[in-house]
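Position 1 is the first residue of the sequence, and the numbers go up from there. No experiment lies behind these values; they were computed from the predicted model shown.
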Amino acid sequence: MGLLTKAPRGTADLLPAESHKIQYLETVFSEIARSYGFREIRVPVFEHTELFHRSVGETTDVVQKEMYTFNDNGGRSITLRPEGTAGVARALLEHGLYSEAMPQKFYYQISCYRYEKPQAGRLREFHQFGVECFGSASPAADAEVIGLANRFFQTLSLDNLHLEINSIGCPKCRAAYHKALKAYFTAHIDSLCDTCKGRLEKNPMRILDCKSPVCSAIAAKAPVILDYLCDDCKEHFAGVQKNLDVLSIPYTVNPRIVRGLDYYTRTVFEFVSDAIGAQGTVCGGGRYDGLVAEMGGSALPALGFAMGVERLRLLMENTGKYFPEPEGYDLFLICADPAAFDTVSRLTAELRDMLLNVERDLCDRSVKAQMKYANKIGARYTAVLGENEIQSGSVTVKNMHTGDTASLPLDDFADRFLSLLNDDSLREWSDDTHAPQTGGFTVLDGGKKKD
């Protein structure tokens, strides 16, 4: 049997040379989310299939074509999560969080799974940042959630994204809109794809989200929801726009946005870029005021968004935006002979206890080979310990970038090296003005952060 050497189609490995980019995005997103009062929630990677049928919608592409569903050993139908909102809403209900002070505000960083054609920024296993806010019907909440996403993009210096918003109304006003859509699409039924022909009776709005070029062309001339909004939905949408104006967040009203999941009501929005190809939506969200009730709970207004991490990274790379360098090694301790082995082990442990990035040889290399390896991994400092250093009680530390050296006592080596490292770091970073700012820290050269 041959060795399996390829990951499944639609998946990707995140190697150490690239993982620091995702860690950077995760850190910035979580700090901004917490500054808006959101707290992290973690939900299972798989749920009962019925959860997604009831929440996402039977007529959506996700449910009809894209879910990874299987029967477990107990005969239960299980689905890998295709999105995050349904699981968070389920957790809210299961743990009784709806009875606590409102609003309940959550953020998450999760993997999701959809069976679709892999392409740039869109994989079958993909990752999302998301937030969910339960308990507020105010248009100010819509603007705040949008503002959180906008603040995140500003922090990353992503100035090539634009915000598009729409209202798709409530069940009350959508009834008249569905009637108008059904009449319009019935006149073109012979040209619709088979999937959309089935949607015509159950949920004609889903045709607006079809990816077929023929259906998309027909949908482009369909009636728009804004012409059918009830007075309450018109007032709410006007309130969202007013609050965005107060926050100085620019936007465009796009009456064609419907989003791809059935649970949305009223406000829907997308942050879109033209720098990553046809799949230009980096972040999408909106209201889902009926979701909790649909899942068996009491009526509870709610809203949120999700953004694709792979698309976000692709956008930043395509537009030359800042990523910190991978965090390097502060020191490589070179063992020159067996007499120094125990001392190297002890010093390595002491420095690592201080959370410094310290490496030592584990492959029985020669001194020359150890020095070559230290250069290869980009160690900032090196120190050679042998019998002479043990007898003299001091060791010479060399800055590999400048060539400067310093003699440090072995009995106080860890503290003295930390002081040396901090002094040099302050000098090196004193002129660094290029790192993006977040609410709590500045990400600086080498991936370090300074308060």
Side-chain angles (χ1 to χ4, degrees), residues 26-45 47-48 51-52 54-56 81 83-110 128-152 155 165 167 170-172 232-233 235-247 249 259 261 263-269 283-307 438-440:
E26 290 172 341
T27 299
V28 176
F29 178 75
S30 61
E31 289 223 346
I32 291 175
R34 288 195 295 269
S35 75
Y36 277 71
F38 289 77
R39 296 297 179 260
E40 186 179 19
I41 188 170
R42 302 188 185 192
V43 294
V45 73
E47 301 271 3
H48 294 291
L51 175 69
F52 301 113
R54 294 179 64 179
S55 60
V56 174
R81 62 184 173 215
E83 55 91 51
T85 299
V88 175
R90 190 265 312 146
L92 176 97
L93 288 171
E94 181 174 345
H95 300 285
L97 301 181
Y98 52 82
S99 63
E100 298 185 5
M102 293 294 169
Q104 289 287 303
K105 302 164 77 174
F106 311 104
Y107 80 88
Y108 51 81
Q109 305 177 37
I110 61 173
Q128 288 186 340
F129 297 151
V131 304
E132 316 291 351
C133 176
F134 296 89
S136 175
S138 170
D142 302 52
E144 181 168 295
V145 165
I146 293 172
L148 191 164
N150 188 66
R151 176 74 179 94
F152 178 56
T155 302
I165 64 173
S167 175
C170 63
K172 174 184 172 182
D232 287 344
C233 288
E235 181 180 355
H236 185 274
F237 192 45
V240 173
Q241 294 175 73
K242 178 182 177 182
N243 279 276
L244 290 175
D245 292 338
V246 168
L247 297 174
I249 299 175
R259 303 297 299 147
L261 310 177
Y263 53 62
Y264 284 110
T265 58
R266 290 193 168 175
T267 306
V268 290
F269 65 88
C283 172
R287 280 201 163 270
Y288 41 91
D289 291 341
L291 177 60
V292 175
E294 178 67 26
M295 293 173 60
S298 301
L300 188 67
L303 71 153
F305 69 69
M307 63 179 70
T438 73

Could you walk me through whether Arg90 and Glu47 pass the salt bridge (charged side-chain N to carboxylate O under 4.0 Å, His left out) test, one step at a time? CA-CA 10 Å; Arg90 190 265 312 146; Glu47 301 271 3; 2.8 Å; yes
Using a 3.5 Å distance criterion without hydrogens, assess whether the side chain of [X] forms a donor-acceptor pair with backbone atoms of [Y].
| X | Y | answer |
| --- | --- | --- |
| Arg54 | Glu294 | yes |
| Tyr264 | Tyr288 | no |
| Asn243 | Gly239 | yes |

Please give me the minimum heavy-atom distance between [X] and [Y], naming the atom from each residue.
| X | Y | result |
| --- | --- | --- |
| Tyr108 | Ile41 | CB-O, 3.5 Å |
| Tyr107 | Phe29 | CD1-CE2, 4.0 Å |
| Ser55 | Ala86 | OG-CB, 3.3 Å |

Partners of Asp289 by side-chain hydrogen bond (donor to acceptor under 3.5 Å, both in side chains), sequence neighbours excluded?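 For Asp289 the side-chain hydrogen bond (donor to acceptor under 3.5 Å, both in side chains) partners, ignoring immediate neighbours, are Arg287.
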Inter-residue atom distance [X].[atom1] - [Y].[atom2], 0.5 Å rounding:
| X | Y | atom1 | atom2 | result |
| --- | --- | --- | --- | --- |
| Tyr36 | Glu31 | OH | CD | 14.0 Å |
| Met295 | Leu93 | CE | CG | 5.5 Å |
| Ile146 | Leu247 | CD1 | CG | 9.5 Å |
| Ile249 | Arg151 | CD1 | CZ | 11.5 Å |

Does any part of the side chain of Ile165, heavy atoms only, come nearer than 4.5 Å to the side chain of Val268, both counted from C-beta? no
Between Leu148 and Phe305, is any pair of side-chain heavy atoms under 4.5 Å apart? yes
Parallel, tilted or perpendicular, as decided by the 30° and 60° cut-offs, for the rings of Phe152 and Phe129: perpendicular
Looking at [options], which hits side-chain contact (heavy atoms from CB on, under 4.5 Å) with [X]?
| X | options | value |
| --- | --- | --- |
| Phe134 | Leu97, Leu291, Val88 | Val88 |
| Leu303 | Thr85, Val131, Val145, Thr265 | Val145 |
| His236 | Cys170, Pro139, Ser167 | Pro139 |
| Met102 | Gln104, Lys105, Glu100 | Gln104 |

Is Arg81 paired with Glu83 through a side-chain N to carboxylate O contact shorter than 4.0 Å? no
Near Glu40 CD, under 6.0 Å, is it more than 12 heavy atoms from other residues, nucleotides or ligands?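 Yes, enclosed.
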